[in-house]
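Reminder, nothing fancy here: chain letters follow the sequence lines and each chain counts from 1.
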Amino acid sequence: MAKLRIRGFEIHKGYLDLTAQRALIDALRPVLKAAPLFSPSVPGGGQMSVRMTSSGQFGWYSDASGYRYADSHPKGQAWPEIPDQVLSIWRQLTGLDRQPECCLLNYYGQDAKMGLHQDKDEADFSYPVVSISLGDDGLYRMGNQSRGGKTESIWLNSGDVVVMGGEARLTYHGVDRIRYKSSRLLPKGGRINLTLRVVT
DNA sequence: AAGTACCC
DNA sequence: CAAA
């Protein structure tokens with residue numbers, strides 16, 4: 001277990017052991033069943049290569065008209081509850097009394113990636129964002145608080161947890177690619193990232 | 001504007 | 001780039 005700090009990103013390498021990772025996957029199974037993955041469109045006409053769903057009071061959503069939080073899945077059902085194991089990681093790392101209101105689940109298949117972006121659809125940027133990596137390795141890129149300039153990258157492995165607070169809270173970040181089938185956690189391969197956020 | 005292209 |  002090592003803690004790195006890059007541009008304000010707190011990167012907890014190996015934070016979750018294999019037992020904890022497996023327990024999280026088991027806890028996510030009912031979430032995926034109640035709220036199936038979908039690939040949202042983005043403003044401008046593109047479509048995300050990542051497939052996603054959410055748990056919590058709000059889910060993150062995007063379509064041609066913009067990015068936002070939605071109080072239900074695109075098929076209409078309420079988002080399932082955030083699993084206790086996930087909330088426990090949030091409390092351990094942030095020490096906050098307030099709980100996250102959204103746990104976005106991003107699933108990266110073989111060729112999925114995510115361009116550099118800011119998390120800025122929330123009301124209060126003083127709350128950190130917590131990001132949990134499960135499954136295949138992902139090449140994580142960190143930029144600056146506005147577009148352009150030099151970036152730094154690090155491979156995130158299953159069980160790593162990143163806390164984005166302070167200067168990192170509004171720093172551009174993204175995932176260039178994954179190493180498909182580099183992990184055996186998910187038998188079908190791919191990477192799951194959980195992003196915990198206070199929304200309101 | 002979490003997409004694309006391209007460039008290093 | 002196009003568009004939010």
Can you check nucleotides 1-4 of chain C for protein contacts, nitrogen or oxygen pairs under 3.5 Å, and list what you find?
| residue | atom | partner | partner atom | Å |
| --- | --- | --- | --- | --- |
| C:dA4 | O3' | A:Ser65 | O | 3.0 |

Could I get a table of every N or O pair under 3.5 Å where one atom is in the protein and the other is in nucleotides 5-8 of chain B?
none

Next on the checklist: Wobble G-U and Watson-Crick pairs count when both distances are under 3.5 Å; given that, what is the 5' to 3' dot-bracket string of DNA chain B, with | for pairing to other strands?
Outcome noted: ..|.....

Acceptor/donor pairs from residues 41-49 of chain A side chains to any protein atom, 3.5 angstrom cut, sequence neighbours excluded:
| residue | atom | partner | partner atom | Å |
| --- | --- | --- | --- | --- |
| A:Gln47 | NE2 | A:Ser39 | O | 3.0 |
| A:Ser49 | OG | A:Lys113 | N | 3.0 |
| A:Ser49 | OG | A:Lys113 | O | 3.0 |

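As rounded to whole Å, 5 Å separates atom P of B:dT4 from atom NZ of A:Lys113. Rounding to whole angstrom units, OH of residue A:Tyr172 and C1' of B:dA1 are separated by 8 Å. Going from atom NZ of A:Lys120 over to atom P of B:dA1 covers 5 Å, rounded to whole Å. The CE atom of A:Met114 sits 11 Å away from the C1' atom of B:dG3 (whole-angstrom rounding).
Within residues 189-200 of chain A, the residues approached by DNA chain B to less than 4.0 Å at the level of any non-hydrogen atom are A:Arg197, in residue-number order.
Within 6.0 Å of the CZ atom in A:Arg68, the count of heavy atoms belonging to other residues, nucleotides or ligands exceeds 12. The environment of CG in A:Asp124 is crowded: more than 12 heavy-atom neighbours from other residues, nucleotides or ligands sit within 6.0 Å.
Ion pairing of A:Asp119 with A:Arg197 is present here, as a side-chain N (NZ or NE/NH1/NH2) and a carboxylate O approach within less than 4.0 Å. Salt bridge absent: A:Asp136 and A:Arg179 never bring a charged side-chain N and a carboxylate O closer than 4.0 Å.
Considering A:Arg141, A:Arg5, A:Arg7 as possible partners of A:Glu152, the one that fulfils the salt bridge (Lys or Arg N to Asp or Glu O under 4.0 Å) test is A:Arg7.
Between A:Gln99 and A:Val198 the shortest heavy-atom distance is O-CG2, 3.7 Å. Closest approach of A:Val31 and A:Pro83 over heavy atoms only: CG2-CG, 4.1 Å.
For A:His73 and A:Phe38, the ring centers are positioned less than 6.0 Å apart. Taking the centre of each ring, A:Tyr67 and A:Trp60 come in below the 6.0 Å mark.
With hydrogens and angles left out, the side-chain atoms of A:Asn157 and A:Ser133 include no donor and acceptor closer than 3.5 Å.
Both tests hold for A:Arg98 against A:Tyr127: distance to the six-membered ring centre under 6.0 Å, angle to the ring axis within 45°.
Scanning for side chain to side chain donor-acceptor pair (under 3.5 Å) contacts around A:Asp17 gives an empty result, with sequence neighbours left out.
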